[in-house]
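What follows is one structure encoded as structure tokens, with my remarks underneath.
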Amino acid sequence: MKNRTKILLIYTGGTIGMMKDYGSGALKAFDFDKLVKNIPELSQLDCDIDAISFDNPIDSSNMNPEYWGTMASLIEGNYESHDGFVVLHGSDTMSYSASALSFMLEHLAKPVIFTGSQLPIGDLRTDAKENLITSIQIAALKKKGVPLVQEVGLYFEYKLYRANRTTKINAEHFQAFVSPNYPPLVESGVFLKVYEENLLPRRGGKQFKVHKNMNSNVAILKLFPGIGPNVLDSILKIEGLKGLILETYGAGNAPTENWLVDSLKKAISDGLHVVNVTQCSGGSVSIGRYETSQHLEKLQIINGKDITTEAAVTKLMYLLGNGLSPKLFKTIFETPLRGEVG
Ligand code: ASP
């Protein structure tokens, strides 16, 4: 008898498995067995499904690097025994977690698909069933006996995206995520259409390695007209700060005022890693295109190019955990490690 494909479902929490608390009326995570019972269709899938749940499922607003470590360990511990992984996660911070895992799981040769839903699985109009069932089917896809998707993906509302290219853009629509700078990997219609040309190339036998050392001494500063030295300097004074994502305007532009240049110059020479990421959801930082970014280039600020803020902040945590020299840090940050940047 042929070996059946084995998928591990990891339930971390999120709306997909929530129900209304009778006291407060708010949505709270509930236990995983109930979730699986709500989807009898799972038994019809042509693969074996094991399930594991966080002891205390969370709303993803409570997500943190420690939980990322837990997810990475669960995948590591079950890597050999399973062909693919589906992580059920709240949509609010899903792009952060999925981006983080994409960096933490090096030489990944199996699919890790994040999904969730906007309505709980018990709701009549739920989007959870389609998201879950199709995610499992994608995680089980094989070509010549080898998993077809060998990267971390995010599946929501008929599309699988590269996880570290996604961002949540809507709190109500079923289509809650977009991937503004990279096309979908798979689209679900009557058939599952796999865009193989968009997938990361298959791994050539490199040893799977899990990195759990994420350094969260980072901050994100979004520029706005009227921002003054008091705001920037109070951030730069944060004790132990190692990395800063500067969310700039348009193609990576920022005020040319002296206070900004002087403060950043000092912070960078003191060892702070500063990354230039655009506030625009689509398009790329293009340093030097305008005069208002040339001063940033002179400061040797890291060019985030078309990276999302979610991928930038998690890549920063990942690289900070690796103890690189500043020069190498900039080079590696600007290089695609998991297809997160163009
Ligand atoms: N607040 C929920 C969460 O992120 C929303 C969701 O699951 O979609 O956990």
Side-chain angles (χ1 to χ4, degrees), residues 9-39 42 51-72 74 85-102 112-136 138-139 152-161 163-180 188 214 216 220 281 308-311 313-314 317:
L9 267 186
I10 301 174
Y11 176 57
T12 69
T15 300
I16 191 163
M18 288 185 179
M19 62 188 293
K20 267 218 169 97
D21 178 81
Y22 289 114
S24 66
L27 284 171
K28 280 176 58 179
F30 73 105
D31 85 73
F32 187 68
D33 291 343
K34 290 199 194 138
L35 180 109
V36 175
K37 277 197 204 105
N38 268 287
I39 326 176
L42 290 182
I52 254 180
S53 170
F54 272 17
D55 292 340
N56 296 305
I58 57 166
D59 183 297
S60 76
S61 302
N62 287 318
M63 189 47 67
N64 60 40
E66 215 172 297
Y67 286 125
W68 295 339
T70 307
M71 289 181 226
L74 288 172
F85 303 85
V86 173
V87 181
L88 300 176
H89 192 291
S91 62
D92 289 348
T93 61
M94 193 188 296
S95 291
Y96 289 90
S97 294
S99 297
L101 267 288
S102 77
V112 174
I113 312 295
F114 276 72
T115 194
S117 65
Q118 293 282 57
L119 282 174
I121 204 132
D123 192 290
L124 262 186
R125 295 176 49 253
T126 191
D127 52 331
K129 287 192 184 184
E130 199 284 325
N131 284 349
L132 176 56
I133 289 168
T134 308
S135 293
I136 296 172
I138 291 173
V152 182
L154 186 154
Y155 183 82
F156 225 87
E157 193 63 3
Y158 303 112
K159 286 197 178 84
L160 178 78
Y161 300 112
N164 57 32
R165 290 296 198 147
T166 62
T167 191
K168 183 174 179 182
I169 44 112
N170 202 296
E172 292 175 5
H173 292 171
F174 286 143
Q175 192 178 342
F177 290 88
V178 290
S179 167
S188 166
M214 300 290 271
S216 53
I220 301 175
S281 44
T308 60
T309 295
E310 292 89 332
V313 75
T314 52
M317 291 184 191

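As the structure lists them, so they are numbered: ligands from 1, and atoms in each ligand from 1.
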task: Could you tell me the residue and atom name of the protein heavy atom closest to atom 5 (C) of ligand 1, and the distance to it rounded to 0.1 Å?
output: Thr15 OG1, 3.2 Å
message: Give me the nearest non-hydrogen protein atom to atom 8 (O) of ligand 1 as residue plus atom name, then the distance to 0.1 Å.
response: Ser91 OG, 2.4 Å
task: Check the side chains of Ser99 and Asn164 for a donor-acceptor pair under 3.5 angstrom, ignoring hydrogens and angles.
output: no
- request: To the nearest 0.5 Å, tell me how far Leu42 CG sits from Ile133 CD1.
  value: 6.0 Å
message: Counting only nitrogen or oxygen atoms and a 3.5 angstrom limit, does Asp59 reach ligand 1?
response: yes
message: With heavy-atom distances below 4.0 Å as the criterion, list the atoms of ligand 1 near Gly14.
response: 7 (O), 9 (O)
field: Non-hydrogen atom of Ser117 closer than 4.0 Å to ligand 1
entry: yes
field: Heavy atom of the protein closest to atom 4 (O) of ligand 1 (residue, atom name, distance)
entry: Ser60 OG, 2.5 Å
query: Is it true that the side chains of Ser91 and Lys168 contain a donor and an acceptor less than 3.5 Å apart?
result: yes
Ring centroid separation Phe156 to Phe174 under 6.0 Å: no
- request: Say whether Thr12 and His89, considering side chains only, have a donor N or O and an acceptor N or O under 3.5 Å apart.
  value: no
message: With nothing but distance in play, are any N or O atoms of Ser61 less than 3.5 Å from an N or O of ligand 1?
response: no
task: Assess the side chains of Glu310 and Thr166: does a donor N or O sit below 3.5 Å from an acceptor N or O?
output: no
